[in-house]
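So the structure is just underneath, and the comments pick up after that.
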Amino acid sequence: MFEPKIMCFLCKWCTYAGADLAGTSRMQYASNSVNLRVMCSSRIDPQHILYAFKEGADGVFIGGCHPGDCHYVEGNYKTLRRTILLSRMLEDFGIDKRRLRLEWISAAEGKKFMETMNAFSESIRELGALNLDQVSLTNEDTKHG
């Protein structure tokens, strides 16, 4: 059975703490993800997401603070705008935009984190493995500069 690889970029203040709460509460959720803690969801550059896909991620998850609760005031609004634009770009590359998911999850929402990750993992499983041989993602597209 196909087990998707999911790269997660999680806000230190909210979603990462929510993931930690889910873990310490022994909630069962898909173990097919790699969590990367970032200071704010706005610190995630679209190139990071493209690179994750290029390196084998079947799905990319971004978790941030709820709108109005960002420790950096407007960071999550920047993340929302970037994610909307990146979703459009992914389709241009031939990558289904459902492979990228953005959610607002607070530190107190361990159950929401668990449910969200299980649902996202299942949706990626239904999409199947990302076959980059069929998309036009090149080194220039993911070049850090």
Side-chain angles (χ1 to χ4, degrees), residues 2-130 132 135-138 140-145:
F2 166 67
E3 192 61 33
K5 297 174 194 157
I6 299 174
M7 181 68 208
C8 302
F9 295 95
L10 308 177
C11 163
K12 169 189 174 166
W13 304 104
C14 288
T15 309
Y16 190 84
D20 190 45
L21 176 61
T24 58
S25 299
R26 298 185 183 268
M27 296 178 188
Q28 299 295 313
Y29 62 92
S31 61
N32 55 349
S33 61
V34 174
N35 295 339
L36 179 66
R37 182 177 58 183
V38 295
M39 290 303 289
C40 178
S41 61
S42 69
R43 300 300 299 158
I44 304 160
D45 190 289
Q47 291 179 358
H48 297 137
I49 295 164
L50 294 174
Y51 187 77
F53 283 125
K54 181 177 176 261
E55 292 299 311
D58 297 304
V60 176
F61 178 84
I62 302 170
C65 300
H66 286 275
D69 288 339
C70 179
H71 284 68
Y72 301 100
V73 186
E74 296 180 359
N76 46 14
Y77 294 111
K78 292 176 184 176
T79 301
L80 178 60
R81 288 191 300 271
R82 287 181 187 154
T83 304
I84 290 168
L85 290 172
L86 184 57
S87 289
R88 293 178 187 153
M89 285 177 55
L90 288 177
E91 290 186 325
D92 290 340
F93 290 131
I95 299 173
D96 191 313
K97 68 181 181 179
R98 294 176 292 177
R99 292 184 182 277
L100 175 63
R101 183 164 178 175
L102 170 64
E103 288 287 336
W104 312 125
I105 300 174
S106 76
E109 294 180 308
K111 183 177 180 189
K112 180 178 180 182
F113 180 81
M114 173 201 67
E115 292 169 347
T116 301
M117 291 310 299
N118 285 337
F120 187 52
S121 182
E122 186 56 36
S123 70
I124 297 300
R125 190 174 288 113
E126 290 172 7
L127 288 171
L130 177 60
L132 286 181
V135 298
S136 60
L137 197 60
T138 65
E140 286 301 310
D141 298 322
T142 59
K143 188 176 183 181
H144 298 281

So do R99 and L90 actually touch side chain to side chain, heavy atoms under 4.5 Å? no
Output every pair passing salt bridge (charged side-chain N to carboxylate O under 4.0 Å, His left out) with a member in residues 70-87, not counting sequence neighbours, ordered by first then second residue. none
Could you tell me the separation between the CG atom of L102 and the CD1 atom of I62, rounded to the nearest 0.5 Å? 5.5 Å
Given side chains that start at C-beta, do those of V38 and H48 come closer than 4.5 Å, heavy atoms only? no
Which value, rounded to the nearest 0.5 Å, describes the distance between S121 atom OG and R101 atom CZ? 11.0 Å
Supply the atom-to-atom distance L130 CG to D96 CG, rounded to the nearest 0.5 angstrom. 9.5 Å
Apply the test side-chain contact (heavy atoms from CB on, under 4.5 Å) to residues R98 and S123: give CA-CA distance (whole Å), side-chain angles for both, the deciding distance (0.1 Å), then the verdict. CA-CA 8 Å; R98 294 176 292 177; S123 70; 5.9 Å; no
Mind listing the side-chain donor-acceptor pairs of residues 20-27 below 3.5 Å, one per line with the distance, residues two or more places apart or on another chain?
| unit_1 | atom_1 | unit_2 | atom_2 | d |
| --- | --- | --- | --- | --- |
| T24 | OG1 | D20 | O | 3.1 |
| T24 | OG1 | L21 | O | 3.2 |
| S25 | OG | L21 | O | 2.8 |

Can any side-chain N or O of N35 pair as donor or acceptor with the backbone N or O of C8 at less than 3.5 Å? no
From the list I124, D58, V34, side-chain contact (heavy atoms from CB on, under 4.5 Å) with K5 holds only for D58
Tell me if a side-chain donor or acceptor on T15 pairs with a main-chain N or O of I105 at a distance below 3.5 Å. yes
Any side-chain heavy atom of C70 within less than 4.5 Å of one from C40? yes
Please determine whether the number of non-hydrogen atoms from other residues, nucleotides or ligands lying under 6.0 Å from atom CD of Q28 exceeds 12. no
I need the M7 CE to Y51 OH distance, nearest 0.5 Å. 11.0 Å
Has R125 got more than 12 heavy atoms of other residues, nucleotides or ligands less than 6.0 Å from its CZ? yes
Please tell me if the side chains of E103 and K112 come closer than 4.5 Å, counting only heavy atoms from C-beta onward. yes
For V73 and N76 the tightest heavy-atom approach is O-OD1, 4.3 Å
W13 versus C65, closest heavy-atom pair with distance: CB-SG, 4.4 Å
Is there a side-chain contact between I44 and T79 in this structure, where contact means two heavy atoms from C-beta onward sitting under 4.5 Å apart? no
Describe, in one word, how the ring planes of F61 and F120 are oriented to each other, choosing from parallel (under 30°), tilted (30 to 60°) and perpendicular (over 60°). tilted
Minimal heavy-atom distance between W104 and P67, with the atoms involved, is CD1-CD, 3.5 Å
Does the side chain of M89 come within less than 4.5 Å of P46's, by heavy atoms? no
Do the side chains of T83 and L100 get nearer than 4.5 Å, heavy atoms only? yes
Separation between OG1 (T116) and CG (N118), nearest 0.5 Å, reads 9.0 Å
What is the minimum heavy-atom distance between A52 and V60, and which atoms define it? CB-CG2, 3.9 Å
Can you find a heavy atom in the side chain of L10 that is under 4.5 Å from one in the side chain of F113? yes
Between E109 and H66, is the side-chain contact (heavy atoms from CB on, under 4.5 Å) condition met? List the steps. CA-CA 11 Å; E109 294 180 308; H66 286 275; 2.7 Å; yes
Taking all non-hydrogen atoms of both residues, which atom of S87 and which atom of K97 are closest, and how far apart? O-CB, 3.8 Å
To the nearest 0.5 Å, how far apart are NZ in K54 and CD1 in I95? 12.0 Å
